[in-house]
Amino acid sequence: MLKKSLKQSTQMQQRSQADGYLTVYLSLSMTVILSLILALLSGARIGAVKMKTELVTDITMNSVLGEYNRELFDRYGLLLLDDSFGKKQGSVRNVEEHLSKYFRKNFELSDKGITGRKTYMSAKLTDCAVTGFSLASDNNGAVLKRQILSYMEGDAVGKIVSGVSKNVDDLKESGYDSSDFEEKADENDSAMSGKYETDSDGDGENEEIDIDNPAQSVASKKGLGILTLAAPDMSKISSAAINEDLYASHRTLSKGTGLDDDYSMGASKKALFNEYIFEKMSSYGNEMEDSPLKYELEYIYAGKDSDYKNLEAVCNKLFLWREAANFAYIMTDSAKLAEAEALALTAAAVVAAPELCEVVKTAIILAWTFAESISDIHILLTGGRVPMVKTAASWKLSLEAMLSFGDSLTDGGGSGLKYEDYLRMMVLMENEDKKTMRLMDVMEMNIRNTEGNEYFKIDNCIDVFRADFKASSRGMESFEVDRIYGYEME
């Protein structure tokens, strides 16, 4: 009996010892398994937080880009972020504030689950910095041009510009833009004002004579100015003026970091750039009511501080072209030359000294050319057309009408090129950098004229920027996300 009891006791001790070994084994195994599970959960959490941070960063960058200047887009089709956000001073610090605001709204306020308790996905933005950016005005407006070309890429190249380019080629080929006509006129003026002696009374002694010009009534009006003589109604010319020092072409511009400001244009892109200018700018006869300057295309060409001065500069250029073209034609018209010579022969000086006939004849031809050129500009300013090269049929003033040309000017009519065509030729021939800077001026003055954009500056407008976000979360080292976003990036 005792032997049986001892045997049972031994068996129970062995079974208890085996159960102890199993307990220790399971405890050790569960520790390892739980550690693995927790490690996996921690790794998944870290990965999820980082992924969410990257997603929120993308949302944040796009949200800030979504604050592009609405007026600039509506009027000029450009997507640019004004870093002043309507304030007096623009700065990338304003962009950083907006980035931080959007990041926090999309991340830090979403750290509670549906139960209202904190989740393991919470994180905090510790720093946000814009580390690079390009402004519209950078590199002589290269960034702005890139935006414009993106806007114009759907247009057929040459829809307008091809015709203007052909006119420019014709002008250059004819030599009217580089004519020495004014030198001829100055030489004749000197000859007309010179001193001449002849024996006019037959007493054997020479007397000094003055040369009388039958077309003096025309020559005397040259000092009045081309616009004054040609304008249909001076009272209707815009008196608008600006302070040039307030605009891009006359002030020191802010500069970006050079993040993405390299851009060049080939012939087709230059054509589209000029077409954009023609499309967006107002001009004489096509004014916009809400524009500080009514003659914007004239400003792009001349860059003066008032509509009057810009229109005057255009008319002066027009006059040089028309005078050279008209003189070239009249010198081939034998009938008109004969008329001029006949009138010259009536001059007292020519009667006394026939050798002066050629000088007086030339003066009459120059006066006739002057009057015809004023007539041309008047026709253009009243909505008419004037061909680049005249014919007998398109010549307007007779010799008699020339002597009182102010009363013989006709409105409109004709054939050939319009005022707008000649103006576009001038703009197309203007220096590209000057055009770009003046285009920025016009954009600034028009956008400032809209509500909430009183301090708008084109050199506050960002096209592309780079931002660095640093965030932290419980149990994690600080981590960062770097992104480059822009309106023209693919």
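Quick caveat, the model's predicted, so the values are computed rather than measured.
Looking at Asn446 and Glu296, their side chains do bring a donor and an acceptor atom within 3.5 Å of each other.
Taking Glu67 as the reference, nothing meets the salt bridge (Lys or Arg N to Asp or Glu O under 4.0 Å) condition, with sequence neighbours excluded. Under the rule for a ring pair (Phe, Tyr, Trp, His ring centres under 6.0 Å), the partners of Phe85 that lie at least two apart in sequence or sit in another chain are His98. Asp58 pairs by the salt bridge (Lys or Arg N to Asp or Glu O under 4.0 Å) definition with Arg483, not counting sequence neighbours. Taking Ser238 as the reference, Ala240, Lys294, Tyr295, Asp307 meet the side chain to side chain contact (heavy atoms under 4.5 Å, CB included) condition, with sequence neighbours excluded. Every residue meeting the side chain to side chain contact (heavy atoms under 4.5 Å, CB included) condition with Thr391, not counting sequence neighbours, appears here in chain and number order: Ala393, Ser394. Remark: Lys434 engages Glu430, Asn431, Arg438 in a side chain to side chain contact (heavy atoms under 4.5 Å, CB included) (not counting sequence neighbours).
Between Arg75 and Asp290, at least one side-chain N (NZ, or NE/NH1/NH2) sits under 4.0 Å from a carboxylate O, which counts as a salt bridge. Between Asp83 and Arg93 there is no salt bridge, since no side-chain N of the basic residue sits under 4.0 Å from a carboxylate O of the acidic one. Taking 4.0 Å as the cut-off between side-chain N and carboxylate O, Asp305 and Lys309 count as a salt-bridged pair. The existence of a salt bridge linking Glu444 and Arg448 is confirmed by a sub-4.0 Å separation between a basic side-chain nitrogen and an acidic carboxylate oxygen. Using a cut-off of 4.0 Å between Lys/Arg side-chain N and Asp/Glu carboxylate O, Arg146 and Asp463 are scored as salt-bridged. Taking the charged nitrogens against the carboxylate oxygens, Lys255 and Asp138 have no contact shorter than 4.0 Å, which rules out a salt bridge. Between Glu372 and Lys390, at least one side-chain N (NZ, or NE/NH1/NH2) sits under 4.0 Å from a carboxylate O, which counts as a salt bridge.
With hydrogens and angles ignored, the 3.5 Å screen pairs a side-chain donor or acceptor of Tyr329 with a backbone N or O of Ala392. In this structure a side-chain-to-backbone donor-acceptor pair under 3.5 Å is missing from Asn453 to Phe456.
Separation of atoms CG (Leu99) and CG (Asp468) is listed at 11.0 Å; rounding is to 0.5 Å. Interatomic distance, OG of Ser283 versus CG of Leu293, reported as 13.0 Å (0.5 Å rounding). For the atom pair Asp170 CG and Ser165 OG, the distance stands at 11.0 Å (nearest 0.5 Å).
Taking the six-membered ring for Trp, Tyr485 and Phe465 have ring centres at least 6.0 Å apart. Ring-centre distance between Phe319 and Phe370: below the 6.0 Å cut-off.
The aromatic rings of Tyr487 and Tyr68 stand perpendicular to each other, their planes meeting at an angle above 60°, with 30° marking the opposite boundary. Aromatic ring pairs are classed by plane angle as parallel below 30°, tilted from 30° to 60° and perpendicular above 60°; the pair Phe103 and Phe469 is parallel.
Counting only heavy atoms from C-beta outward, the side chains of Lys317 and Asp177 approach each other to under 4.5 Å.
Heavy atoms from other residues, nucleotides or ligands lying under 6.0 Å from NZ of Lys222 number more than 12.
For the ring pair (Phe, Tyr, Trp, His ring centres under 6.0 Å) criterion with Tyr284, the lone passing option out of Tyr419, Tyr308, Tyr299, Tyr422 is Tyr419.
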Self-check item: Worked check of salt bridge (charged side-chain N to carboxylate O under 4.0 Å, His left out) between Glu96 and Lys101
Solution: CA-CA 9 Å; Glu96 291 171 350; Lys101 179 185 72 175; over 6 Å; no
